[in-house]
Amino acid sequence: MVLKSPGEIAIMDAANAIVRRILDELRSFIRPGLSTAEIDAFARERIRDGGAESAFLGYPHRGDGRDFPGSVCTSVNSEVVHGIPSAHVKLREGDIVSVDVGVRHRGYYGDGAETFPVGQISAEAERLLQVTRRALELGVEQARPGNRVSDIGHVVQRHVEENGFSVVREFVGHGIGANLHEDPQVPNFGAPGRRERLVPGMVLAIEPMVNAGAADVLLSAEDGWTARTRDGSLSAHFEVCVAVTDAGPRVLGHGSVA
Ligand code: MG
């Protein structure tokens with residue numbers, strides 16, 4: 001695992017500030033009638049305005065040529081992650097849409113995600129969003145020196161399951177830096193006190209994916225990317241990048257200690 005210097009963390013803070021700004025702007029941009037291709041176009045422009053490039057556009061798919069075609073991932077309702085933006089997918093009142101934004105900026109990566117309501121959503125969908133966001137906050141609080149990687153996933157899983165939802169196992173958080181995906185892996189489940197010890201200079205992308213129903217997911221055979229819940233239940237995804245510092249967890253892109 002690669003530890004980052006304060007200078008590198010400053011660049012990653014700037015990369016994640018681009019991500020944060022786009023997600024904040026999407027909150028008011030997303031509305032019924034919008035296609036996920038329009039979300040992609042909006043984000044693509046903002047990434048470019050920020051002097052960055054998409055981390056996901058052209059991401060290789062197991063060498064079979066099906067490189068990721070979007071600048072961001074847009075996953076609607078029962079789609080968990082890695083949905084492909086499309087002009088044919090139009091958001092409807094009551095939907096939820098997860099947008100994952102990854103950028104490369106001055107040689108370093110930023111990565112973040114949020115699930116947005118489309119118009120008025122059901123009380124259950126609202127609760128799913130709140131529980132997933134809170135699970136992320138609880139996970140972030142564990143990202144401090146002396147703890148271990150599995151302390152993060154443990155609190156995420158506990159909060160999610162206490163609320164009757166389930167955490168996805170197939171996709172996990174990750175170290176991040178000059179590469180989008182670095183060691184260690186950061187699962188959203190497991191017993192506490194296991195795996196790597198957290199030390200200052202580590203930067204982790206923490207990203208709970210939470211299903212309203214069962215944890216099982218299916219990968220689209222058709223596009224090779226889109227993961228959806230097996231039972232068709234709703235799924236939410238929130239992600240931030242966090243630097244482990246002597247002062248505790250620092251969420252990047254916010255310019256403050258969490
Ligand atoms: Mg990520």
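Ligands are counted one by one from 1 in listed order, and the atoms in each one are counted from 1 as well.
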* Within 6.0 angstrom of Arg66 CZ, more than 12 heavy atoms from elsewhere -> yes

* **Asp216/Arg169 ion pair, N-O < 4.0 Å** => no

* **Metal-centred angle, OE2 of Glu207 through the Mg ion (ligand 1) to OE2 of Glu239, rounded to 10 degrees** => 90°

* Cluster overlap Val167 with Ile96, hydrophobic side-chain contacts below 4.5 Å -> yes

* Write the atom name of the N, O or S atom in Asp111 that is nearest the Mg ion (ligand 1). => OD2

* Salt-bridge contact Arg44-Glu53 (side-chain N to carboxylate O under 4.0 Å) -> no

* Got a sec: is His174 within less than 2.8 Å of the Mg ion (ligand 1) via an N/O/S atom? -> yes

